[in-house]
Each structure stands twice: as structure tokens, then as C-alpha cells.
*Asks:* 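Mind looking over this structure? Questions follow.
Side chains included, hydrogens not; waters and symmetry mates left out as well; all remaining heavy atoms used.
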Amino acid sequence: MTALPLALDAVVLDLDVDSAEAVLAELARLLSQQSGAPVDSVQQALREREQQGSTAIGHGVAVPHARSAAARELVAAALRTRKPVAFAAPDAEPVQIFIALLVPAKATTDHLEILSGLASRLMHADLRQAVLTVPEASDFHRLLAEALG
């Protein structure tokens, strides 16, 4: 499987937000820092993708993702909110774990492999629980890297 291109400085834990829009804004900021793409265009791309259908996969997890002509390579960001946020999940559960991808407009299938891997691995309750409870961003990063390694 393709490795998750997640840098440690693109992981934020326990963000105090109360809306899906605030989550997307923070993810856009993180993805912009990683990609060099303008934050406004990243946020707009994430919003437009969510309008097509929620990227929440259930069990308190969402994998927001979008294509951008401004992205030169696939980048990722991760966010854990202090409290779960309504995110139109298929199981109607609020979301607390967000793993986001920004994909170049002419991306290969790597992003599909990463999305599939994230969805299947994060369906395991033990990984979700570990990700929800680790105290440090470095631990969160390590858990995802090991799970998707």
C-alpha cells in the first residue's frame, strides 16, 4: 500500500471547534502549509467535495479529500477535535478523527489506495480508540504510520 504522506507538523490534536466548517478551515490551513497551495483554494476544494457527499465514513471518522490544480504532490493532514463534530456521517455519529488529503489534479491512483487503506484500517475499534486517546501528536502520527505502513 502507498504510505500516507503525513508530516508530523500536519497533525493537530484536541482542536476546540464546534462546526464542520471550522474543521475544514483548519484542515485547509494544514494542507496549504504542506502543499504550498493557497489556503482559500484548498478550503474551497474541500467544501465542494463535501457538498458532493460527506467524506465521513462512520465510527467517528472522516477522510476529507479534494483535488487541486495548485497541489504539486499528494499531501495529508490529521486532526482530532476535543469534542465530536456533526459531519453528516452515514451512521449519524459525530466525528472526532479527521484525516485529510489534498490530491494534485492529475493524480495517479495512489490517493485511492490511501483512502481505501484509511477507511479499512480505521474501521478497527482498537486503532480508533488508540488514536482518540494518545496524548501527543507524535504518538498519533506513529499510530497512523504503523497502521498504514
Side-chain angles (χ1 to χ4, degrees), residues 1-50 54-85 87 89 94-149:
M1 184 177 124
T2 302
L4 181 66
L6 178 64
L8 181 56
D9 63 348
V11 177
V12 172
L13 297 187
D14 302 328
L15 186 68
D16 194 11
V17 294
D18 60 3
S19 71
E21 187 60 31
V23 168
L24 292 178
E26 179 63 11
L27 289 171
R29 184 187 70 77
L30 293 167
L31 291 168
S32 174
Q33 286 177 343
Q34 297 302 309
S35 68
V39 68
D40 291 345
S41 70
V42 175
Q43 189 169 359
Q44 184 61 30
L46 290 171
R47 266 194 220 116
E48 288 172 2
R49 173 57 188 86
E50 289 302 320
S54 178
T55 57
I57 59 175
H59 303 287
V61 177
V63 187
H65 56 279
R67 288 186 181 269
S68 171
R72 294 179 304 280
E73 62 186 356
L74 177 70
V75 295
L79 173 64
R80 182 178 75 197
T81 58
R82 184 172 308 284
K83 295 179 284 189
V85 175
F87 212 77
V95 175
Q96 197 168 1
I97 301 167
F98 297 86
I99 313 296
L101 299 176
L102 185 64
V103 181
K106 296 180 181 183
T108 63
T109 57
D110 287 350
H111 72 286
L112 297 175
E113 192 173 306
I114 290 171
L115 287 171
S116 174
L118 283 168
S120 66
R121 303 306 191 296
L122 288 167
M123 288 297 100
H124 297 319
D126 57 338
L127 178 59
R128 285 194 317 274
Q129 187 58 35
V131 168
L132 280 172
T133 58
V134 294
E136 301 293 330
S138 58
D139 297 324
F140 188 101
H141 182 269
R142 179 185 48 75
L143 284 169
L144 287 178
E146 288 173 358
L148 299 169

*Asks:* If I compare all heavy atoms of Ser32 with all of Ala37, which pair ends up nearest, and what's the gap?
*Replies:*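 Closest heavy-atom pair between Ser32 and Ala37: OG-O, 2.5 Å.
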
*Asks:* Which heavy atom in Leu24 sits nearest to a heavy atom in Pro64, and how many Å separate them?
*Replies:*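 Heavy atoms only, the tightest pair is CD2-CB, 4.3 Å.
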
*Asks:* Going by heavy atoms in the side chains, are Gln96 and Arg128 under 4.5 Å from each other?
*Replies:*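 No. Closest side-chain heavy atoms not under 4.5 Å.
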
*Asks:* Looking at Ala89 and Val95, what are the two nearest heavy atoms and their distance?
*Replies:*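 Distance-wise, the nearest heavy atoms are CB-CG2, 4.5 Å.
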
*Asks:* Between Glu73 and Gln34, do the side chains contain a donor N or O and an acceptor N or O under 3.5 Å apart?
*Replies:*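 There is no such pair between these side chains.
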
*Asks:* Looking at Val17 and Val85, what are the two nearest heavy atoms and their distance?
*Replies:*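 What the structure gives for the nearest pair is O-CG2, 4.0 Å.
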
*Asks:* So does Arg72 have more than 12 non-hydrogen atoms from other groups sitting under 6.0 Å from CZ?
*Replies:*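 Open: at most 12 neighbouring heavy atoms sit under 6.0 Å from CZ of Arg72.
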
*Asks:* Mark yes or no for whether Arg80, through its side chain, and Leu132, through its backbone, hold a donor-acceptor pair below 3.5 Å.
*Replies:*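 Such a contact is found between Arg80 side chain and Leu132 backbone.
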
*Asks:* Are Val12 and Phe98 packed together at the side-chain level, in the sense that at least one heavy-atom pair is separated by less than 4.5 angstrom?
*Replies:*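 The answer is no; the side chains never approach within 4.5 Å.
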
*Asks:* Of all heavy-atom pairs between Leu30 and Ala78, which one has the smallest distance, and what is that distance?
*Replies:*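 Looking at all heavy atoms of both residues, the shortest contact is CD1-O, 4.1 Å.
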
*Asks:* Taking His141 for its side chain and Leu6 for its backbone only, find out whether a donor-acceptor pair lies under 3.5 Å.
*Replies:*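 Yes, His141 side chain to Leu6 backbone: donor-acceptor pair under 3.5 Å.
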
*Asks:* Looking at Asp9, I want to see if its CG is surrounded by more than 12 non-hydrogen atoms of other residues, nucleotides or ligands under 6.0 Å.
*Replies:*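 Yes, CG of Asp9 has more than 12 neighbouring heavy atoms, counting only those of other groups under 6.0 Å.
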
*Asks:* Does Arg67 use its side chain to pair, donor to acceptor, with the backbone of Pro104 at less than 3.5 Å?
*Replies:*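 Flag set: sc Arg67 to bb Pro104 pair under 3.5 Å.
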
*Asks:* Locate the shortest heavy-atom distance separating Ser54 from Ala56; write the atom from each residue and the value.
*Replies:*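 The answer is OG-N, 3.0 Å.
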
*Asks:* Do Leu118 and Ile57 have side chains that approach each other closer than 4.5 Å (heavy atoms only, starting at C-beta)?
*Replies:*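 Counting from C-beta outward, Leu118 and Ile57 never come under 4.5 Å.
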
*Asks:* Is the shortest side-chain heavy-atom distance between Leu46 and Leu31 below 4.5 Å?
*Replies:*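 They are in side-chain contact.
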
*Asks:* Under a 4.5 Å cut-off applied to non-hydrogen side-chain atoms, are Lys83 and Asp18 in contact?
*Replies:*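 They are not in side-chain contact.
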
*Asks:* Quick test of your reading of the model: are Glu50 and Arg47 salt-bridged, counting only N-O distances below 4.0 Å?
*Replies:*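 Arg47 and Glu50: not salt-bridged.
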
